[in-house]
Every structure is written in structure tokens, then in C-alpha cells.
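Okay, so here's the structure we're looking at.
Values reported hereafter were calculated over all heavy atoms of this structure, with side chains retained and with hydrogens, waters and symmetry mates removed. Predicted, not measured: the structure shown is a model, and the values here were computed from it. Proteins come first, then strands; the chains are lettered A, B, ... in the order of their sequence lines, and each starts at number 1.
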Amino acid sequence: MAAEIKNKKKNEPDGFDRFNRVSKTVNVILNFIFVLAALACVIPVLLVVAISFSAEESILEYGYHFIPKIPSLEGYVFLVSQGKMIVRALGVSLFVTIVGTALGVLLTTLMGYVLSRPDYKLNGFLTMVVFIPMVFNGGLVSTYFIVSQFLGLKDSMWALILPLSVSSFNVIVCRTFFKTTVPESLVESAKMDGASQLMIFGRIVLPISLPVLATIGLFLSFAYWNDWYQSMLYIDDSKLLSLQALLNQILTNIQMLVKNAATIGITAAEMLAKMPQESARMAIVVLIVLPIACAYPFFQKYFISGLTVGAVKG
Amino acid sequence: MAGDRKKAKVKKRRWRRDDTELTLLALPTTIWYFLFSFLPMFGIIIAFKEFKINGGFLKSFFSSKWVGFNNFKFLFSSKDIWLIIRNTLGYNIVFIILGIVIPVAAAIAIGQIHSKRMAKVYQTAMFMPYFLSWVVVTALVWAFLSYDKGLLNNLLESMGYERQQWYMKKGMWPPFLVFMNLWKGVGYGMVVYLATITGIDKTYYEAAGIDGATIWQQIRYITLPLMKNVIIMMFIMKVGGIFYSDFGLFYQVPRDSNSLYNVVYTLDVYVYKQLRTSTTGMSAAAAFVQSVAGCITILTANAIVRKIDRESAMI
């Protein structure tokens, strides 16, 4: 025990906390378990990165490995040579993510703000509008026909954007945030100065609500960037495929790349022989995962604040 | 809903300019809800029609003839549907139990780790799978399970065993899908529960420690009781979704393999596949069953919780 205290590290707590905690052995066991769990979560991604940097012949010869037997950039070179298709898919992904997030944040915060006004006359009605979809929904078949036939969004970029832009969960996160952090006196005094609700919302409420905007924005941008389901349902036109949808198609049908190459002018057979299928496929995965893996450790805290606000009912 | 008294007070006063402005602000989102949420709710009645595409949606809707419960009769006379309902409920029950027990245990355990910095590192790593789409996860799984190049088969071969067709082995998929569900979800659950734990007043633990309570007793008598509300909330939400399944997990990860269909088909996969093969009647009926059953379960779960503990109820 005495030795333990002598070896105390700088970042460890002092005083009572040092005694009221699990023993050293338990700590080692817990650390061991969590190292395994953390590795299990990270290793598959590392494997895919390794494959994307492997030469095609080494994959064909030895299979997938953590350390490329013959390192090579040919997967990426291939993607660059397929420029048009990848750039277009990246463009679709970026457009959908940016426009979708902007629109979604606007629609969500507007509704959240209105619902946070205590003396608004239609408050009860609009609360029902937001709550009912959390309990009941039309299901896939009916939604599919409404979106593709009735609203005519089949093979349109809006089919990737609109159905995902509002979720009742996000609206409630916003409402709770506005209710708890925007002082009623601030809104009242602005009203007395003759400001309209639009001005109060745009000039006063939004600027002091940046944390919730960041949270909702992050929820939405990850949802849009990661979406493949909407594409699977509503998009047949290969020009409108996002990165995720493209990867999905390639995974189900590797001929897809060949078909695309044929239109550029090289014969399919020739292409198929040369094409680094395996590494190119994994290079697309890296292209998708890289922005997420880089961004999320920094934005984690906004996510966490959103998740916990949502768990508090307002 | 809460605040009945407040509502009564509001009703008495007249409509003001303020109300007009707020209504205008809420209008775009309300229209969105009408188009993308409420129209499909009414569209659900196509389950009672022999829906045929014939021009636009409204024209097809009115020209399709009513068939009463015929679609449902067909649906429930096929033996597939029972298998699919069994799969959906079976997987969900396992997911609900493990999806609460493991993240709660992990959140409590990670809070006990001495080095807070390491705990943060573990948490960040374990949260990552939550941010990957199922399509990406499918590619990751393929890197391990592919027959001729997969890491697992390479390993087996180097140890002198036969290569295996993993995408045809029925037996391994139920436990594997449970594993994948946990792999993707534990980090998220842990974060939610950890936020509750960090919100607990530290002096409770100090007082208990001074009175000689062990860490185990502190967890049992302080942490768990104070987490009760959040756990119940998560439980209701999960039970409410018991007729829904994660389409990506069951359709993408097994790569829609035909030889696996009786262990991986769930309602969502079935509805999608039927929709794609354009047998609209069956899929509309299955989607109807899913929506209505889902609605009933969520309301029931909520009502039960309300009886036990009013504070924890969602509605």
C-alpha cells in the first residue's frame, strides 16, 4: 500500500477517491477487457485500409492481410483513372450532405422553437403532429409509393434529401434546448421592442443556440453521408449514385465498374483483366470512412450532449 | 400530455399577431410532416387493395380495386411469414436484453478504470462503429469472411484446416448477427449510460465509502437505482420497435445470401424483397401488420411503465 502511494501518477486523483475505487487487479482486468473491445472496433477498419494499399496480385495470391505483402497504390490510381464516376459520386454525397444538413437544421430548429413557446395557441396541435410519427408510421410500402409516385421524387436528388431532413427526436432535442437555455425575459423584451418572431428566432435565439445547432447538424450530416437506403429505394440512374450507393452496387455487382469503363472506350474484357477490383473496392471504403474517422473524435461531445438532451423529456 | 391546466388557460385568450407569426415559422416543417409522415399513414390502406401501378399515384389508387382482407389471407397462409415474424421477434428479444445489459455493464466498468485518459480512449474507439454505415460494415465483414481471400479462411488454412463457405453456414449467422449488432451499438449505449452516471452526485459515493460500502455495493445501491429511469426509457423505445429490424444488418451484412434466408429474413427484409419483386399486395399487408403491431407494442409498453412509475413514461 505504501509503495502504491509513492508511485502515484500525476493525473490520478488525490484523497478519498484514491481509496474508494476498484483494486489494482480489477483495474488491470478491466483495462484488458476494454483494450480487447477497443481493438475489435478499430481493427476491421485498419484491415480495410491495408487491403486498399495492397497490390492486386498480392491479394489474389495471398488473400487479405493486415500488412500488405506487396504494397501498392494501384487501387487509388484506378479510382483516379475512373475519375468521372468517383468524382460524380463524391459530388452527390457532398451535395446531399451539405444541402440536406442545412435544410434539416432549418426545419428542425424552426419547429423546435415554435414548440418551445409556452403561450403559443397551436402548441398542443403541433406537439401532436410531432409526437404521432414517433408512435405510428406508414411503413415502407406506403412511404415508397407516396415518395416515388405521388411526390414524383423517383430518380431525383430530393428523394435522397427530403425524407431524412426532419426527425421528431431532433425536434424534441431542439425544443428541450430552447426551453431550458433561452431565457423567457429575453424573448419578451425583444417582443416589447417590436421585434417579429422571425427576427427573434433569427437574431436572438439562433446565435445563442450554437451548441444545439452543432448537435443537430452533426446528427444530420452523419445520417446523410452514411445513407445508402434511400438510394437503394429511389435511385436507378447511375449518375445520381452517392459514394455509399456506389459501394453498395460494387459490393453486390463487381461488373458495375467494368460496365462503366466500357462506356469510356476500353473493352470490358481488357478492363477486367487489368482492374484492381479488390483494392479499388476497399479504397472507396477508405474514401467514405476517412472523413468520418477524422471528424468524429472532435465532435463527439456534441453528439453526446444531443443524446443526453434527447433522453430528458420536456 | 403534461400541462393540461396551462392549455385551459391558453384556450381562453384571443388569437394574437404572435400566434400568426409562430404559425408561419412552423409552416414549412408542418408541411414536411404532412407530406412525409402523415400521407404515408393514410396510404397504408393500400394493404386492402389490389394495388396496381397505372399512371400517377392517385389514379392507380382509385383504379385499384378493394379486396378486403385478401392480401392478409395470402400473407398468413404462406409459411414464410411465421418464420419471418419468429426471426424478427427472436432477434429483437436478444438484442433488447443484451443491448441493455452489456452497455450498462460497460458504462459502469469504464467508470471504474483508474486512468481517465485511457477510459476516454476506449470510449472513443468503441463509439466509432456507430458512425459506419451498414454498407461499409458489409465490406469490413467481407474482408474477414470471404471464401477465397478472407482473413478468417487464411488463418484456418495456415493452421491446417479447410476453408469454409461462411456465407452459406446457417448455424453461425444468428450468433454472428447478434455480435455485429453489439459491435455497432455498444459504444453508443455506453455513451448514453455514462452520461447518466457522470451526472450522479459524487458525495453519495463518498458517504457510502466512508460507511464502509464496497464498490460493488455502491454500484448495486447507488448507481443502478439512479440509472433506472434511463434504462426504462431505453427499454420502452426498444420494445416499441420490436417488430422493426435493422434492414442493413439483416440484408446487407449477409449479402442477401439465398442459403441463409430462413435465419436472416426479418419483416423489413421481407417487405423490401416483396416490394422489389412487385408483389405489392403481400408487402403492403406485411408493412401494415408491422406498423400496427409496432404501434400497439409501443403504446402498451408505455402504458405498463406508466402504471409502475409515472415519471419514467414517455407519453
Seminar exercise, completed: Okay, B:L39 and chain A: the region with an atom under 4.5 Å from a heavy atom over there is both
Exercise. Tell me, do A:V129 and B:F34 make a side-chain contact under 4.5 Å, heavy atoms counted?
Worked result: no
Seminar exercise, completed: Whatever's closer than 4.5 Å to a heavy atom in chain B on A:L39 counts as neither
Exercise. Taking C-beta and beyond as the side chain, do A:L47 and B:L140 meet within less than 4.5 Å on heavy atoms?
Worked result: no
For this session: Check each atom of A:V285 against the heavy atoms of chain B and say whether the ones under 4.5 Å are side chain, backbone, both or neither.
Result: side chain
For this session: State, yes or no, whether a side-chain contact exists between B:F36 and A:V166 at a heavy-atom distance under 4.5 Å.
Result: no
For this session: Kindly check if the number of other-residue, nucleotide or ligand heavy atoms within 6.0 Å of CZ (A:F66) is above 12?
Result: yes
Problem set entry | Engaged part of B:I113 at the chain A interface, taking heavy atoms whose separation is under 4.5 Å | both
Exercise. For B:M190, is it the side chain, the backbone, both or neither that has a heavy atom under 4.5 Å from a heavy atom of chain A?
Worked result: side chain
Exercise. Quick one: are B:V136 and A:Q244 in side-chain contact, heavy atoms under 4.5 Å?
Worked result: yes
For this session: Mind checking the CE-CZ spacing from B:M126 to A:F34? Nearest 0.5 Å is all I need.
Result: 5.5 Å
For this session: Counting only heavy atoms closer than 4.5 Å, note whether B:I110 contacts chain A via side chain, backbone, both or neither.
Result: both
Problem set entry | Shortest non-hydrogen separation from A:M232 to B:Y251 and the atoms involved | CE-CE2, 3.3 Å
Exercise. Quick one: does A:P44's side chain get under 4.5 Å of B:W183's, heavy atoms only?
Worked result: yes
Problem set entry | Contacting moiety of A:S148, where chain B heavy atoms sit under 4.5 Å | neither
Problem set entry | Region of A:T109 in contact with chain B, defined by heavy-atom distances below 4.5 Å | neither
Exercise. With only heavy atoms counted, which part of B:W216 is less than 4.5 Å from chain A, the side chain, the backbone, both or neither?
Worked result: neither
Problem set entry | Residue A:V28 versus chain B: region with a heavy atom under 4.5 Å | neither
For this session: Would you check if the distance from the ring center of B:F61 to the ring center of A:F150 is below 6.0 Å?
Result: no
Exercise. Which heavy atom in B:A125 sits nearest to a heavy atom in A:C41, and how many Å separate them?
Worked result: O-CB, 3.4 Å
Problem set entry | chain B contact via A:V26 - which portion, at a heavy-atom distance below 4.5 Å | neither
Exercise. Does any heavy atom of chain A fall under 4.5 Å from the side chain of B:Q112, the backbone, both, or neither of them?
Worked result: both
For this session: Looking only at non-hydrogen atoms, find the nearest pair between B:Y122 and A:A38 and report the distance.
Result: CD2-CB, 4.2 Å
For this session: Show your working on side-chain contact (heavy atoms from CB on, under 4.5 Å) between B:I44 and A:F136 and close with a plain yes or no.
Result: CA-CA 11 Å; B:I44 205 166; A:F136 187 69; 3.9 Å; yes
Exercise. Closest heavy-atom contact between B:L151 and A:Y64?
Worked result: CD1-O, 3.3 Å
Problem set entry | No-hydrogen, no-angle side-chain donor-acceptor test under 3.5 Å, A:N137 and B:Y244 | yes
For this session: Using the side-chain contact (heavy atoms from CB on, under 4.5 Å) rule, take A:V171 and B:Y33 through it: C-alpha gap first, then chi angles, then the decisive distance, then the call.
Result: CA-CA 12 Å; A:V171 172; B:Y33 267 106; 3.9 Å; yes
Problem set entry | Top of B:D148, B:T29, B:I215, B:L22 for chain A proximity - count of heavy-atom pairs under 4.5 angstrom | B:L22
Exercise. Out of curiosity, A:I292 CD1 to B:S133 OG, how far, rounded to the nearest 0.5 Å?
Worked result: 7.0 Å
Exercise. Can B:T124 and A:Y296 be counted as having a side-chain donor-acceptor contact under 3.5 angstrom?
Worked result: no
Seminar exercise, completed: The interface call for A:L153 against chain B, heavy-atom contacts under 4.5 Å, is side chain
Exercise. Is A:M111 close to B:L25 at the side-chain level, that is, under 4.5 Å between some pair of heavy atoms?
Worked result: no
Problem set entry | Nearest atoms (heavy-atom pairs only) where B:H114 meets A:V22 | NE2-O, 2.8 Å
For this session: State the CG-CG distance between B:D19 and A:L122, to the nearest 0.5 angstrom.
Result: 7.0 Å
Problem set entry | Side chain / backbone / both / neither for A:L233 at chain B, heavy atoms under 4.5 Å | both
Problem set entry | Beyond-backbone contact of A:S196 with B:R17, side-chain heavy atoms, under 4.5 angstrom | yes
Exercise. Side chain, backbone, both or neither: which part of B:P129 has an atom under 4.5 Å from a heavy atom of chain A?
Worked result: side chain
For this session: Report yes if some heavy atom in the side chain of A:V45 is under 4.5 Å from a heavy atom in the side chain of B:M128; otherwise report no.
Result: yes
Problem set entry | Top contributor to chain B interface from A:L247, A:L140, A:T143, A:N31 [non-hydrogen pairs under 4.5 Å] | A:N31
For this session: Output the distance between atom OG (B:S115) and atom CG (A:N27), rounded to the nearest 0.5 Å.
Result: 8.5 Å
Exercise. What distance separates A:I146 CD1 from B:L35 CG, expressed to the nearest 0.5 Å?
Worked result: 9.0 Å
For this session: Drop me the distance from A:L110's CG to B:L27's CG, to the nearest 0.5 angstrom.
Result: 10.5 Å
Problem set entry | Pair B:W134-A:N248, side-chain contact (heavy atoms from CB on, under 4.5 Å): steps then yes or no | CA-CA 9 Å; B:W134 281 118; A:N248 188 14; over 6 Å; no
Exercise. B:E21 side chain to A:Q197 main-chain N or O, any donor-acceptor pair under 3.5 Å?
Worked result: yes
For this session: Answer yes if the side chains of A:Y120 and B:D18 hold a donor-acceptor pair under 3.5 Å, and no otherwise.
Result: no
Problem set entry | Taking every non-hydrogen atom, the tightest pair across A:N226 and B:F131 | ND2-O, 2.7 Å
For this session: Pick one of side chain, backbone, both or neither for B:Q218, based on which atoms fall under 4.5 Å of a heavy atom in chain A.
Result: side chain
Exercise. Taking A:G138, A:P297, A:A40, A:S23 one by one, which has the highest count of heavy-atom pairs under 4.5 Å against chain B?
Worked result: A:G138
Problem set entry | Side chain / backbone / both / neither for A:V147 at chain B, heavy atoms under 4.5 Å | side chain
For this session: Return the option, out of A:S168, A:G139, A:P133, with the maximum number of heavy-atom pairs under 4.5 Å with chain B.
Result: A:P133
